[in-house]
Peer 1: 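Here you go, one structure.
All heavy atoms count here, side chains included; hydrogens, waters and symmetry mates do not.
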Amino acid sequence: MLLRHRFHQFGWLVLINSLCSILITINVVNTNPADYQGLTLFYVSVSTWSHMALLTALVSIVAMPLVWLQSNKVRSVCFALFYALFFVALIANSLCFELYKFHINGVIVDMLLAGPKLLSSRQLHGLKR
């Protein structure tokens, strides 16, 4: 398969994934439609489309070297896994924003990755005093 044809397929993949990411984030925008009227509704609509298209484009730039893989099966599986991780992160961020009204940031990631902090016996002894 020609490299030009692979990039053409990759472009369609980026477009489809961009539309899917927009559909995922529309759920967050529609949480309280009474807040959006007139120009605010227009701004939220346009900014949601543009932010998700830009985010998908940035993620796709990272995925672009996968185009050079020779095997169709390996390339398809790699793209599927890569974009599945992207959509899982996007859904998690959307749910976090829907619940707490802020996006996932470094503090949240640190709390998730660090797990529960256990106190050492020396720290527990210091708490008893």
Side-chain angles (χ1 to χ4, degrees):
M1 181 184 312
L2 294 173
L3 190 60
R4 185 179 66 165
H5 183 65
R6 284 192 231 162
F7 273 107
H8 184 74
Q9 287 179 339
F10 181 69
W12 281 106
L13 179 69
V14 171
L15 179 66
I16 290 168
N17 286 327
S18 179
L19 293 174
C20 290
S21 65
I22 289 167
L23 290 175
I24 289 171
T25 55
I26 283 178
N27 182 36
V28 176
V29 173
N30 288 334
T31 54
N32 195 1
D35 292 341
Y36 304 124
Q37 297 174 359
L39 285 177
T40 307
L41 179 63
F42 175 74
Y43 171 75
V44 168
S45 302
V46 171
S47 66
T48 299
W49 283 82
S50 61
H51 282 103
M52 288 304 106
L54 179 65
L55 183 64
T56 306
L58 291 174
V59 168
S60 298
I61 288 172
V62 174
M64 193 178 293
L66 296 174
V67 170
W68 279 279
L69 291 174
Q70 293 299 320
S71 172
N72 272 343
K73 287 184 181 181
V74 172
R75 188 172 52 246
S76 299
V77 168
C78 288
F79 276 132
L81 289 174
F82 188 79
Y83 282 108
L85 288 173
F86 169 63
F87 287 136
V88 165
L90 190 61
I91 290 169
N93 185 38
S94 296
L95 292 175
C96 180
F97 186 78
E98 191 174 349
L99 288 173
Y100 304 113
K101 299 300 180 216
F102 60 85
H103 294 282
I104 293 177
N105 54 28
V107 175
I108 303 298
V109 172
D110 186 43
M111 283 189 328
L112 290 174
L113 296 178
K117 300 280 186 182
L118 297 176
L119 297 175
S120 66
S121 60
R122 192 175 283 180
Q123 288 172 326
L124 286 175
H125 184 66
L127 289 176
K128 291 180 183 176
R129 288 184 185 178

Peer 1: How many angstroms lie between OG in Ser94 and NE2 in His103, if you round to the nearest 0.5 Å?
Peer 2: 8.5 Å
Peer 1: Nearest 0.5 Å please: distance from the CG atom of Leu90 over to the OG1 atom of Thr25.
Peer 2: 6.5 Å
Peer 1: Under the side-chain contact (heavy atoms from CB on, under 4.5 Å) rule, what do Ile104 and Phe97 come out as? Steps first, then yes or no, please.
Peer 2: CA-CA 8 Å; Ile104 293 177; Phe97 186 78; over 6 Å; no
Peer 1: Do Arg75 and Arg6 come within less than 4.5 Å of each other through their side chains, counting heavy atoms only?
Peer 2: yes
Peer 1: Measuring from Leu15:CG to Cys20:SG, what's the distance to the nearest 0.5 Å?
Peer 2: 9.5 Å
Peer 1: Nearest 0.5 Å please: distance from the SG atom of Cys78 over to the NZ atom of Lys73.
Peer 2: 14.0 Å
Peer 1: In the single-linkage hydrophobic clustering (I, L, V, M, F, W, Y; side-chain heavy atoms under 4.5 Å), do Leu54 and Phe87 co-cluster?
Peer 2: no
Peer 1: Of all the heavy-atom pairs spanning Ala53 and Ser18, show the shortest one and how long it is.
Peer 2: CA-OG, 3.5 Å
Peer 1: Please check if the number of heavy atoms outside Leu99 that lie under 6.0 Å from its CG is greater than 12.
Peer 2: yes
Peer 1: Using the rule that two of Ile, Leu, Val, Met, Phe, Trp, Tyr join whenever any of their side-chain heavy atoms come within less than 4.5 Å, decide whether Val62 and Val77 are in one cluster.
Peer 2: no
Peer 1: Do Ile16 and Leu85 share a hydrophobic cluster (ILVMFWY, side-chain heavy atoms under 4.5 Å, transitive)?
Peer 2: no
Peer 1: Give me each pair satisfying ring pair (Phe, Tyr, Trp, His ring centres under 6.0 Å) with a member in residues 59-78, each pair once, sequence neighbours excluded.
Peer 2: Phe7-Trp68
Peer 1: Would you indicate whether the side-chain heavy atoms of Asn17 and Phe86 approach each other to under 4.5 Å?
Peer 2: no
Peer 1: Determine, using the 4.5 Å side-chain heavy-atom cutoff (strictly less than), whether Leu3 and Leu13 are members of one ILVMFWY cluster.
Peer 2: yes
Peer 1: Under the side-chain hydrogen bond (donor to acceptor under 3.5 Å, both in side chains) rule, what pairs show up with a residue in residues 49-60, not counting sequence neighbours?
Peer 2: Ser21-Thr56, Ser60-Tyr83
Peer 1: How long is the span from the CD1 atom in Ile24 to the CE atom in Met52, to the nearest 0.5 Å?
Peer 2: 9.5 Å
Peer 1: Is any side-chain heavy atom of Val67 less than 4.5 Å from a side-chain heavy atom of Phe79?
Peer 2: yes
Peer 1: For the hydrophobic clusters of this structure (ILVMFWY residues joined by side-chain heavy atoms under 4.5 Å, transitively), does one cluster hold both Val74 and Phe10?
Peer 2: yes
